[in-house]
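Take a look at the structure below.
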Amino acid sequence: MRDLPAEEFPLTGDRILVTGGAGFIGSRLVRQLRASAEKTVVFDSLHPQVHGEGATFPDEGANVICMKADIRDGDALRSAISDHTPTLVYHLAAETGTGQSYDLISRYCDVNVGGTARLIEALRQSRSPPRRVVLASSRAVYGEGAFQADDGSLIIPASRREEQLKAGDFVPRDLAGRALRPVPTPESLPPAPASIYGSTKLMQEYLLEQGLAGMATELVLLRFQNVYGPGQSLRNPYTGVLSIFCSQILAGRTLNIFEDGEIVRDFVFVDDVVEALVKAGAAAAPGSTPINIGSGTPASILGTAQFLLKILGAPEDRFLISGDFRIGDIRHSVADIARACERLNWQPRFSLKKGLEALADWARQEASSSR
Ligand SMILES: NC(=O)c1ccc[n+]([C@@H]2O[C@H](COP(=O)([O-])OP(=O)(O)OC[C@H]3O[C@@H](n4cnc5c(N)ncnc54)[C@H](O)[C@@H]3O)[C@@H](O)[C@H]2O)c1
């Protein structure tokens with residue numbers, strides 16, 4: 001990871017609360033903050049699904065304080081805020097599995113929606129609220145995302161129906177049955193979440209917008225595309241398709257490629273996301289409307305899986321295009337990242353090739369150290 005030189009680091013005077021700060025993105029963010037911020041407070045329950053049973057915080061150094069606490073615990077949030085008076089809050093703690101969200105609806109709502117409500121209440125009760133809150137929202141709020149109709153207008157297709165998918169027809173279609181052409185999704189597209197997880201992420205945005213209104217605390221909403229890279233849980237079967245692929249390849253398993261392999265994602269490298277978070281904390285006028293954070297580049301699941309097989313030294317044909325599908329999965333996801341460039345002066349630095357090589361190196365090391 002490229003640590004920003006001290007003179008480039010913009011948050012030196014801040015006391016920073018990071019909910020979910022032990023997670024994949026949060027821990028990379030904390031690594032960046034710990035050297036330069038005045039104080040960083042990690043607030044995380046160390047969810048066993050992500051960290052394993054009995055996990056503890058790594059030693060982050062003198063100016064990082066770790067609190068093992070649940071985001072649904074209003075008293076713990078109030079203590080974190082009154083004891084450390086953060087000037088900046090990154091809210092990342094969440095349940096994150098799209099597929100799992102259908103099986104654990106109340107848990108996803110309690111943690112993502114209820115937890116955000118508790119956080120807002122604690123902030124509103126604070127005598128010295130932070131200058132800014134940055135939310136890690138998701139592209140899941142767009143559902144199927146932007147497609148273009150014949151007349152050039154942007155439309156959001158309805159979620160693909162089970163009968164259509166069962167028949168092996170995976171392409172989003174308009175009401176007349178015509179295949180639609182995907183285009184990068186701009187933030188101006190109205191939200192249309194296609195999963196319980198997506199709905200909870202949209203609700204986080206709405207609650208923060210409404211709950212912080214009238215306060216001096218600014219809000220920055222970042223909508224991440226598929227974040228990948230070293231540190232993503234290799235044990236959590238519900239998130240991170242590329243980590244899951246790495247684990248399966250290193251275990252000698254055949255990759256199950258869903259649908260026809262032509263699902264498209266916008267994979268954005270974790271260090272690019274961390275840089276966007278830092279800039280979102282520091283930017284002079286980021287605005288309160290959402291900002292997409294992605295690579296802006298489409299990548300098919302099949303092509304990406306084949307590249308991982310190759311760089312991990314596995315037989316390149318060790319995959320099966322199964323036609324399996326999951327209700328709520330979307331077909332095509334690529335962000336229009338113009339707003340992030342303009343408002344945050346941010347753009348991704350990692351190509352997919354470079355990022356996948358870093359992921360593969362890390363996954364290989366993890367696999368050999370756990371043997
Ligand atoms: N990784 C992605 O591709 C991606 C994409 C879009 C949005 N996001 C968002 O970014 C944020 C971070 O995601 P991540 O990939 O680092 O996930 P992660 O699962 O690695 O990290 C989430 C962290 O939150 C903690 N947590 C979970 N439930 C908690 C609770 N009840 N109380 C306190 N802490 C709790 C977990 O222990 C974990 O450390 C999430 O809000 C997620 O919705 C991630």
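Residue numbers count from 1 along this sequence.
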Inset, instruction - Please determine if D272 and R28 form a salt bridge, counting it only when a charged side-chain N lies under 4.0 Å from a carboxylate O. - result: no
Inset, instruction - Might you confirm whether atom CD of Q347 has over 12 heavy atoms from other residues, nucleotides or ligands at distances under 6.0 Å? - result: no
Legend entry - Salt bridge present between E316 and K310 (N-O < 4.0 angstrom): no
Legend entry - Under 3.5 Å: donor-acceptor pair, side chain of N112, backbone of A94: no
Legend entry - Pair N256, S322: side-chain N/O donor-acceptor within cut-off below 3.5 Å: yes
Legend entry - M203 atom CE, over 12 foreign heavy atoms within 6.0 Å: no
Inset, instruction - Could you tell me whether the side chains of R326 and Y102 share a donor-acceptor contact shorter than 3.5 Å? - result: no
Inset, instruction - Taking T12 for its side chain and A37 for its backbone only, find out whether a donor-acceptor pair lies under 3.5 Å. - result: no
Legend entry - Check: Q365 and P230 side chains under 4.5 Å, non-hydrogen atoms: no
Inset, instruction - Identify the two heavy atoms, one from A299 and one from T304, that lie closest to each other, and give their separation to 0.1 Å. - result: CB-OG1, 3.7 Å
Legend entry - Whether D174 side chain and R178 backbone form a donor-acceptor pair below 3.5 Å: yes
Inset, instruction - Look only at the side chain of R318 and the backbone of A314, and say whether a donor-acceptor pair between them is shorter than 3.5 Å. - result: no
Legend entry - R160 NZ/CZ over F170 ring centroid, <6.0 Å and within 45° of normal: no
Inset, instruction - Determine the sole option in I65, V41, T40 for which the side-chain contact (heavy atoms from CB on, under 4.5 Å) test with L17 is passed. - result: V41
Inset, instruction - Would you check if H332 and R265 make a side-chain contact, meaning some heavy-atom pair closer than 4.5 Å? - result: no
Inset, instruction - Look at atom CZ of R107 and say whether more than 12 heavy atoms of other residues, nucleotides or ligands are closer to it than 6.0 Å. - result: yes
Legend entry - Reported CG-to-CG distance for the pair L207 and L135, which is rounded to 0.5 angstrom: 10.0 Å
Inset, instruction - Identify which one of T217, D14, V89 satisfies the side-chain contact (heavy atoms from CB on, under 4.5 Å) criterion when paired with R131. - result: D14
Legend entry - Salt bridge present between R78 and E121 (N-O < 4.0 angstrom): no
Legend entry - Charged N-O contact under 4.0 Å between K201 and E205: no
Inset, instruction - Report yes or no: do T87 and R15 form a side-chain donor-acceptor pair below 3.5 Å? - result: no
Inset, instruction - Return yes if a side-chain donor-acceptor contact under 3.5 Å exists between H51 and S233, otherwise no. - result: no
Inset, instruction - Would you indicate whether the side-chain heavy atoms of T200 and E95 approach each other to under 4.5 Å? - result: no
Legend entry - Test: K354 cationic atom under 6.0 Å from F350 six-membered ring centre, within 45° of axis: yes
Inset, instruction - For T96 and Y197, work out which heavy atoms get closest and say how close. - result: CA-CE1, 3.7 Å
Legend entry - Cationic N near anionic O, under 4.0 Å, E262 to R331: no
Inset, instruction - Side-chain contact test, heavy atoms from C-beta onward, threshold under 4.5 Å: evaluate it for L212 versus L123 and give yes or no. - result: yes
Inset, instruction - Among I337, V273, N292, T297, find the one that has a side-chain contact (heavy atoms from CB on, under 4.5 Å) with V268. - result: V273
Legend entry - Modelled atom types, side-chain donor and acceptor of Q100 and Q49, under 3.5 Å: yes
Legend entry - Expected output: side-chain Q225 to main-chain I293 donor-acceptor under 3.5 Å: no
Legend entry - Qualifying residue for side-chain contact (heavy atoms from CB on, under 4.5 Å) with F224, from L92, L277, D266: L277
Inset, instruction - Please check if the side chain of Q148 supplies one atom and the backbone of L180 the other of a donor-acceptor pair under 3.5 Å. - result: no
